[in-house]
Amino acid sequence: MSTARLIWSYPIAVRLLLVNQFGVNTAFYLLIPYLATHLGGDLGMSASAVGIVLGVRTLSQQGLFLVGGTASDRIGPRTVIITGCGLRAVGFGIFALGASLPLLLAGSVLSGLAGALFNPAVRAYIAVEAGERKAEAFSLFNMFATAGSLAGPLIGSALLLVDFRVAALVAAGIFVVLTLAQAAVLPHRPVEPSGSSVLADWRLVFTDRRFVGFAAAVAGLFALETQLYLVLPIHAERFTGTSSTVASLFLVSTVATLLLQLRITRVARARLRREQSIAVGLAVMGLGFLATSVAAAIIPAGRPHDLGEGVLRLVPVLITVLALAIGVMLAQPFAYEIVGELAGERLAGTYFGVYYLAAGVAGAGANALIGAAIDVWGDRWAWVPALVCALIGLGSAAAVLGVSRQHVEKGLPVQSE
């Protein structure tokens, strides 16, 4: 089945949410990568103030995923998705028009809260609506998200030639359109009364040993994903002597995802159990970092003598990026599928909220650990941070297999045939 036919084979809710994710990522990456420059340059804010504005946005989103997921279960994912997109439009509008620190902080809180609302709700909605084809639906979801991640910076860089405020208003306008489209088209799904308190629901999720064990085991996926923004750009600049090569990392990751995601999911579905696919993906991600680690041990920092040498110096990092992308493609759709099945329909939002909360903690913890390794070892031991990443990937792969084996030994279902 072609990609287009596969998309049209899903209910209208899934198709709309795929387009929605393309729009969400397009608008986000159209604005956020350039926000710090606007705050520090155009508005003349101090570095600490810029850091506070950006940090509040991240904290508002990462810290409230559980709230967003619970809201999805209590009042319905449709309402939460629409509300989230509407709040993001207001938050981005404030970034376009606001100049004072209190106003910009309000924009950060609103845009972060928006992400905390619609991220778990969208995945919970897809997990229910996609039926038995969750992994394929989440593969398409990843492709649309990746395409938006590519389109956003390109559009943003063009609009910045006019003015940052124009770019911010366009980003806000995209969210307005998404809000209206979902209000008009996204089907309403009735929500059954819970019959239990919010705290009881949270207790149920946090005491679900299968889910907690799985979420902890797969945490390496998020820890390594974030290295596309930390370890790998640092090494790309170190090997080539220029930051301009960093863009090639995102290009390789994006193109690989768009070309291979659906094929990899189909092959993995046919040949591997879901837990095996996740473990293989994590191992591939970890092993990929060995290329960068070895290169960092033998390639001295500095600018190459010519273009050919510069390309050769960059190859190990590109190998790591490609392995990272392939690993995510192998692991992520099946991880979402398992979370959706463990959750069931009633608490899908809460489960995804906790899952994303764990992802945020794992990503922040990994960045703190690896950032400290970079500061401590510097150029002399530059290969250590990438080696730490390799160990995280391999350790997480082993943990996934271990959790899967425990479930089999206890007679718990690990895969629906």
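- Between Phe95 and Phe92, the angle of the ring planes lies from 30° to 60°, which puts this pair in the tilted group.
- For Glu129, the salt bridge (charged side-chain N to carboxylate O under 4.0 Å, His left out) partners are Arg189, not counting sequence neighbours.
- Classified by interplanar angle (parallel below 30°, tilted 30° to 60°, perpendicular above 60°), the ring pair Phe352/Tyr336 is tilted.
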> Passes side-chain contact (heavy atoms from CB on, under 4.5 Å), Phe250 versus Tyr29? Steps please.
Replying inline: CA-CA 12 Å; Phe250 296 94; Tyr29 287 103; over 6 Å; no
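- You'll find the side chain of Leu324 reaches within 4.5 Å of the side chain of Leu228, heavy atoms only.
- Checking side-chain atoms of Ser72 against main-chain N and O of Ala121 turns up no donor-acceptor pair under 3.5 Å.
- For the pair Arg133 and Tyr10, the distance from NZ or CZ to the six-membered ring centre is under 6.0 Å and the angle to the ring normal is within 45 degrees.
- Between the side chain of Ser404 and the main chain of Val400, no donor-acceptor pair closer than 3.5 Å is present.
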> Does the pair Asp208 and Leu204 meet the rule for a side-chain contact (heavy atoms from CB on, under 4.5 Å), with working shown?
Replying inline: CA-CA 6 Å; Asp208 184 339; Leu204 179 65; over 6 Å; no
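- Remark: the backbone N or O of Leu16 is not paired with any side-chain donor or acceptor of Asn20 at under 3.5 angstrom.
- Looking at heavy atoms from C-beta onward, Leu66 lies in side-chain contact with Phe206 at the 4.5 angstrom threshold.
- For the atom pair CD1 of Ile319 and CG of Leu287, the computed distance is 12.5 Å after rounding to the nearest 0.5 Å.
- Distance check, rounded to the nearest 0.5 Å: CG of Leu31 to CG of Leu160 gives 9.0 Å.
- Using modelled atom types, one side-chain atom of Ser396 and one backbone atom of Ala217 make a donor-acceptor pair closer than 3.5 Å.
- Aromatic ring centres of Tyr34 and His38: separated by at least 6.0 Å.
- At a threshold of 4.5 Å between non-hydrogen side-chain atoms, the residues Leu117 and Arg88 do not count as touching.
- Considering CG of Leu18 and CZ of Phe144, their distance stands at 5.0 Å, rounded to 0.5 Å.
- At least one side-chain heavy atom of Leu186 sits under 4.5 Å from a side-chain heavy atom of Tyr125.
- How far CG of Leu224 is from CG of Leu282: 7.5 Å, rounded to the nearest 0.5 Å.
- By the 4.5 Å heavy-atom criterion applied to side chains, Phe334 and Arg273 are not counted as neighbours.
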>> Please evaluate residues Leu262 and Leu6 with respect to the criterion side-chain contact (heavy atoms from CB on, under 4.5 Å), reporting the C-alpha separation (whole Å), side-chain torsions for both, the decisive distance (0.1 Å), and the verdict.
In response: CA-CA 10 Å; Leu262 203 53; Leu6 179 62; 3.6 Å; yes
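- The closest side-chain heavy-atom distance from Leu140 to Thr3 is below 4.5 Å.
- Remark: side-chain polar atoms of Gln21 are not paired, donor with acceptor, to backbone N or O of Ala145 under 3.5 angstrom.
- The two residues Ala366 and Ala223 come nearest to each other via the heavy atoms CB-CB, 3.4 Å.
- Residues Val284 and Val280 are in side-chain contact: their nearest non-hydrogen atoms beyond the backbone lie under 4.5 Å apart.
- Judged by distance alone, with hydrogens and angles left aside, the side-chain atoms of Ser253 form no donor-acceptor pair with the main-chain N or O of Leu249 at under 3.5 Å.
- Checking side-chain atoms of Thr292 against main-chain N and O of Gly288 turns up no donor-acceptor pair under 3.5 Å.
- Counting heavy atoms from C-beta on, the side chains of Val388 and Val231 never come closer than 4.5 Å.
- Scored by the side-chain hydrogen bond (donor to acceptor under 3.5 Å, both in side chains) test, Thr350 finds Asp73 as partners (sequence neighbours excluded).
- Arg313 places a side-chain N or O within 3.5 Å of a backbone atom of Phe239 that can act as its donor or acceptor partner.
- With rounding to the nearest 0.5 angstrom, the OG atom of Ser111 is 8.5 Å from the CG atom of Leu35.
- For Tyr356 and Arg123, the side-chain atoms include at least one donor-acceptor pair closer than 3.5 Å.
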>> Assess the residue pair Ile392 and Phe289 against the criterion (side-chain contact (heavy atoms from CB on, under 4.5 Å)); give the C-alpha distance rounded to whole Å, side-chain angles, the decisive distance to 0.1 Å, and a yes or no.
In response: CA-CA 10 Å; Ile392 290 174; Phe289 277 93; over 6 Å; no
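- A side-chain donor-acceptor contact under 3.5 Å links Ser108 to the backbone of Val53.
- When atom types are taken as modelled, the side chain of Arg15 and the backbone of Ser9 share no donor-acceptor pair closer than 3.5 angstrom.
- Here the OG1 atom belonging to Thr320 is positioned 11.5 Å from the CD atom belonging to Gln227, to the nearest 0.5 angstrom.
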